[in-house]
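One structure is given here, and the rest of the page talks about it.
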Amino acid sequence: ISLLIAAVYRALDPALFVLLTLTLIGISFVVQRLVETQARQRARVAELSLINELSREVQQAQMDVSVLGELAHTYAGRIVDTSNFVLELADAPSRTIHRIIWVIEGQRQPVQVVDDAAILEWMQRNPDPVLVHDRARQPLPFPPFCGEHIRCGLYFPLLATGDLIGLMAV
């Protein structure tokens, strides 16, 4: 390639060589941008396909809470590690939490009803997701419920028309 460049340089006027070089650089930038755009489009199509697949499965679930919970776990697992996962539904009048899916270190835990007013109250007052990078340095703003061994996590409330209906954590 260097011999070809040297031959072109000797055959052309230096101004034409500079112009040719700048043109090649410009074309390479355009090609790079096209490749990046195509990659973003492929990723977007994959996201939309996933959303479409999920919407079909939700429709087939016919509002069965256990099936919808399994869908949430399955689809969350396509995005993040769900070896530690909890999906809880709140029953505000009785101030209880129904743990629909609870996984600790990849092991399913039994479905249970928990009387945990503290986390319900905290989530109602603070409806924003909580990302904890390291519990040793950043304590949870609510009592832990997934076990003391969990070091980090994403905790987010499930809201419907502004009301707290549950919690999901990974």
Side-chain angles (χ1 to χ4, degrees), residues 31-170:
V31 168
Q32 180 182 6
R33 295 286 182 240
L34 288 172
V35 168
E36 289 171 356
T37 300
Q38 188 178 29
R40 282 193 303 267
Q41 286 176 338
R42 282 190 193 127
R44 186 70 179 144
V45 166
E47 289 172 2
L48 292 173
S49 296
L50 184 66
I51 291 170
N52 186 39
E53 182 182 335
L54 175 60
S55 68
R56 278 194 308 263
E57 290 192 36
V58 165
Q59 184 180 20
Q60 291 173 354
Q62 298 181 348
M63 301 307 289
D64 181 337
V65 173
S66 61
V67 174
L68 291 171
E70 290 298 330
L71 285 173
H73 182 246
T74 300
Y75 280 86
R78 292 184 180 185
I79 300 168
V80 295
D81 176 22
T82 55
S83 58
N84 293 301
F85 181 89
V86 66
L87 175 63
E88 302 177 334
L89 297 179
D91 184 7
S94 68
R95 309 203 43 81
T96 58
I97 295 174
H98 298 264
R99 244 176 219 151
I100 305 302
I101 297 181
W102 190 18
V103 181
I104 297 178
E105 294 182 358
Q107 299 297 316
R108 285 285 180 124
Q109 306 301 310
V111 173
Q112 56 185 251
V113 177
V114 182
D115 183 13
D116 195 349
I119 194 165
L120 275 175
E121 290 171 8
W122 189 89
M123 283 289 179
Q124 287 171 336
R125 286 190 316 269
N126 303 287
D128 295 326
V130 175
L131 176 61
V132 177
H133 295 285
D134 185 353
R135 280 181 44 189
R137 294 187 204 148
Q138 179 187 3
L140 287 173
F142 46 79
F145 57 90
C146 289
E148 293 298 322
H149 63 284
I150 307 295
R151 290 199 48 170
C152 61
L154 175 62
Y155 305 84
F156 53 95
L158 303 173
L159 304 172
T161 64
D163 296 328
L164 178 71
I165 61 166
L167 166 77
M168 187 181 301
V170 289

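The line from CG of Leu50 to CD1 of Ile79 is 6.0 Å long, rounded to the nearest 0.5 Å. Atom CG of residue Leu54 and atom CZ of residue Arg78 lie 8.5 Å apart, to the nearest 0.5 angstrom. Distance check: Glu88 CD to Ile165 CD1 gives 12.5 Å after rounding to the nearest 0.5 Å. In this structure, Leu71 CG and Ser66 OG are separated by 10.0 Å, a value rounded to the nearest 0.5 Å. Distance check: Leu89 CG to Leu167 CG gives 9.5 Å after rounding to the nearest 0.5 Å.
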Counting only pairs under 3.5 Å, give me each side-chain donor-acceptor contact of residues 39-47, with atom names and distances, residues two or more places apart or in other chains.
residue : atom : partner : partner atom : Å
Arg40   : NH2  : Thr37   : OG1          : 3.4
Arg44   : NH1  : Glu47   : OE1          : 3.0

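Counting heavy atoms from C-beta on, the side chains of Tyr155 and Val132 come closer than 4.5 Å. In this structure, Val65 and Ile100 have side chains that are in contact, with non-hydrogen atoms separated by less than 4.5 Å. Two residues are said to be in side-chain contact when any heavy atoms from C-beta on lie closer than 4.5 Å; Val86 and Arg99 meet this criterion. Trp102 is not listed as a side-chain neighbour of Arg108, based on a closest heavy-atom distance of 4.5 Å or more. The shortest side-chain heavy-atom distance between Leu159 and Pro127 falls under the 4.5 Å cut-off. At least one side-chain heavy atom of Thr96 sits less than 4.5 Å from a side-chain heavy atom of His98. Side-chain contact check for Val58 versus Leu68: some heavy-atom pair is nearer than 4.5 Å.
Looking at residues two or more places apart in sequence or on another chain, you find no salt bridge (charged side-chain N to carboxylate O under 4.0 Å, His left out) involving Glu57. In terms of the side-chain hydrogen bond (donor to acceptor under 3.5 Å, both in side chains) criterion, Gln59 has no residue partners (sequence neighbours excluded).
Here the closest heavy-atom approach between residue Leu154 and residue Pro129 is recorded as CD1-CB, 4.4 Å. Heavy atoms only, all atoms of each residue included: Leu164 and Ala90 are closest at O-CB, 4.4 Å.
Among pairs with a residue in residues 42-72, none fulfils ring-ring contact (aromatic ring centres under 6.0 Å, His included), at least two apart in sequence or across chains. The ring-ring contact (aromatic ring centres under 6.0 Å, His included) pairs that include a residue from residues 34-69 number zero, where partners must be two or more places apart or lie in different chains. Counting only residues at least two apart or in different chains, ring-ring contact (aromatic ring centres under 6.0 Å, His included) contacts with residues 35-79 comprise His73-Phe85.
In this structure, Gln107 places its CD atom where only 12 or fewer heavy-atom neighbours from other residues, nucleotides or ligands lie under 6.0 Å away.
No donor-acceptor pair under 3.5 Å is formed between the side chain of Asp91 and the backbone N or O of Ile97.
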